[in-house]
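Data block below; observations after.
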2 protein chains.
Amino acid sequence: MNSFFEQNASLLLKNPELVDVFENLMSIEKYPKHHLLHEAGKICNDMYIITSGIARVFYYKEDKDISCHFSAEQETITTIDSFIQRKKSKYNIEALEDLEVLKISHSDLENLFESNPKYERLGRLFLQQIYIDLVERIDDLQLKTAQERYETLLAKKPYLFQRIASKHIASFLSITPETLSRIRGK
Amino acid sequence: MNSFFEQNASLLLKNPELVDVFENLMSIEKYPKHHLLHEAGKICNDMYIITSGIARVFYYKEDKDISCHFSAEQETITTIDSFIQRKKSKYNIEALEDLEVLKISHSDLENLFESNPKYERLGRLFLQQIYIDLVERIDDLQLKTAQERYETLLAKKPYLFQRIASKHIASFLSITPETLSRIRGK
DNA sequence: AATTCTTCTTGACAATTATCAAGAAATTAT
DNA sequence: ATAATTTCTTGATAATTGTCAAGAAGAATT
């Protein structure tokens with residue numbers, strides 16, 4: 001039931017033997033609201049763990065701004081297709097609040113994986129977690145109504161409704177802002 | 001553009017140093033059409049590489065039969081949430097044609113991962129591939145119309161339309177059989 | 001080959017959600 | 001604080017897709 005991204009970052013942050021490793025590899029960064037951590041068309045070289053704030057992954061489909069992921073404190077965020085495949089991404093990452101993050105580069109992460117099988121294993125477990133999460137999201141999109149998708153997200157991540165613009169939630173849920181407004185008005 | 005599942009199984013099958021390993025760990029199995037390779041409510045202990053035939057992952061949502069994945073020759077199939085998390089799955093796996101598969105158990109695969117970091121790495125790369133595939137599917141479901149989802153699937157896996165029942169394709173695309181029939185009739 | 005069962009197609013109608021528009025509310029900038 | 005900009009809400013209407021029904025076509029069984 002927990003966001004697995006939450007479990008994920010915890011997986012990294014709470015593992016005592018990893019703290020030192022990450023202290024060496026990760027840098028603390030601060031970005032203002034609206035800053036783009038990644039821009040579409042570029043190769044994404046960094047993964048972030050958010051320590052304060054909220055960010056989103058989004059892209060443009062025929063001028064429409066479509067949000068496809070949100071991450072908050074303790075969660076990770078990257079344009080994962082680009083990060084994994086080392087090719088240009090259509091996705092952007094935007095700070096929706098002033099942001100404080102831990103940043104790690106793709107190459108440092110790869111080196112870490114190669115340095116010791118236990119990190120390789122951690123990488124695999126991380127991917128397993130985020131994979132399960134995507135399966136749940138497909139489940140939602142494949143056969144829930146707009147109303148049900150709204151309720152599911154409200155149950156899973158209620159803080160989003162307090163902290164970010166409704167239009168972003170609407171596109172994430174694959175409905176128009178008008179429909180979301182009507183659903184919220186019961 | 002290739003199915004990454006296809007790339008995946010190839011990743012396993014075409015790697016020369018792996019052939020011996022897999023010959024020892026994998027068994028050849030044959031199942032008739034309609035056979036359930038996995039039943040909902042059980043823990044899924046096996047992963048399959050299909051050498052002949054087509055299978056699907058599906059589940060029941062309020063009596064409705066919902067297909068959520070198809071795999072054909074050279075592709076892998078399992079109820080991956082259960083396989084990964086070692087808990088009961090709501091998903092079933094059904095042979096849609098007479099099936100010939102290579103079967104490997106979860107424990108054998110885990111042992112393989114632990115036996116040598118290069119297998120652990122292979123496991124991670126495999127997950128990366130299938131993760132990217134899910135991201136594409138979410139993209140389809142999040143903002144394509146029924147017509148566009150149909151066209152996307154037709155382009156990606158045209159053989160499905162020759163080999164399996166339309167009703168399965170319809171539920172996979174998240175539309176009714178009636179709507180799919182109308183779309184196909186141009 | 002004939003029967004039975006399932007799946008597919010087509011039509012009429014209903015439900016859901018989108019689009020367009022305009023004013024209200026909220027946020028941001030001055 | 002006030003003005004400017006953006007976002008949210010609400011109504012009217014349209015488009016898309018679903019539901020129900022019944023016959024046609026196809027597949028499976030005898």
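By convention in this document, chain letters (A, B, ...) are assigned in the order of the sequence lines, proteins followed by strands, and residues within each chain are numbered from 1. Predicted model, so just to flag it, every value in this text is computed and none were measured.
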**Most 5' of B:K64 and A:A165 on DNA chain D, judged by nearest nucleotide** =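 Its nucleotide being nearer the 5' end, the pick is A:A165.
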**Complete:** Taking for A:S166 and for B:S174 the nucleotide of DNA chain D with the nearest heavy atom, the one nearer the 5' end belongs to A:S166
**Asked** Salt-bridged, B:E136 to B:K156, with N to O below 4.0 Å?
**Response**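 B:K156 and B:E136: salt-bridged.
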Distance, rounded to the nearest Å, where [X] contributes [atom1] and [N] contributes [atom2]:
| X | N | atom1 | atom2 | answer |
| --- | --- | --- | --- | --- |
| B:E148 | C:dA18 | CD | C1' | 14 Å |
| A:R163 | C:dT27 | CZ | P | 15 Å |
| B:H34 | C:dT6 | NE2 | P | 11 Å |
| B:R149 | D:dT16 | CZ | C1' | 11 Å |
| B:L143 | D:dT17 | CG | P | 13 Å |
| A:I164 | D:dC8 | CD1 | C1' | 15 Å |
| A:R184 | C:dT17 | CZ | C1' | 18 Å |
| B:Y150 | D:dT16 | OH | P | 18 Å |

**Request:** Report the residues that fulfil salt bridge (Lys or Arg N to Asp or Glu O under 4.0 Å) with A:E97, sequence neighbours left out, ordered by chain and then residue number.
**Result:** A:R163
**Any residue meeting salt bridge (Lys or Arg N to Asp or Glu O under 4.0 Å) with B:R121, in chain and number order, not counting sequence neighbours** = A:E110, A:E114, A:E120
**Message:** Let's see if you get this right: which residues in residues 175-182 of chain B place a heavy atom under 4.0 Å from DNA chain C?
**Reply:** B:E178, B:S181, B:R182
Tell me which donor-acceptor pairs under 3.5 Å the side chains of residues 166-176 of chain B have, and how far apart each pair is, sequence neighbours excluded?
from	atom 1	to	atom 2	distance (Å)
B:S166	OG	B:R184	NH1	2.5
B:S171	OG	B:S67	N	2.9
B:S171	OG	B:H168	O	3.3
B:S174	OG	A:Q142	O	2.1
B:T176	OG1	B:T179	N	3.2
B:T176	OG1	B:T179	OG1	3.0

**Prompt:** Considering only side-chain heavy atoms of A:K167, which listed nucleotide, C:dT28, D:dC8, C:dT7, is closest?
**Reply:** D:dC8
Side-chain donor-acceptor contacts of residues 100-108 of chain B below 3.5 Å, not counting sequence neighbours, with atom names and distances?
from	atom 1	to	atom 2	distance (Å)
B:E100	OE1	B:K30	NZ	3.4
B:S105	OG	B:S107	OG	3.3
B:S105	OG	B:D108	N	3.1
B:S105	OG	B:D108	OD2	3.4
B:H106	NE2	B:F83	O	3.2

**Inter- and intrachain pairs under salt bridge (Lys or Arg N to Asp or Glu O under 4.0 Å), touching residues 76-90 of chain B, at least two apart** =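 Every salt bridge (Lys or Arg N to Asp or Glu O under 4.0 Å) pair that includes a residue of residues 76-90 of chain B, provided the two are not neighbours, is A:D139-B:K90.
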**Asked** Aromatic ring centroids of A:Y150 and A:F161 under 6.0 Å?
**Response** yes
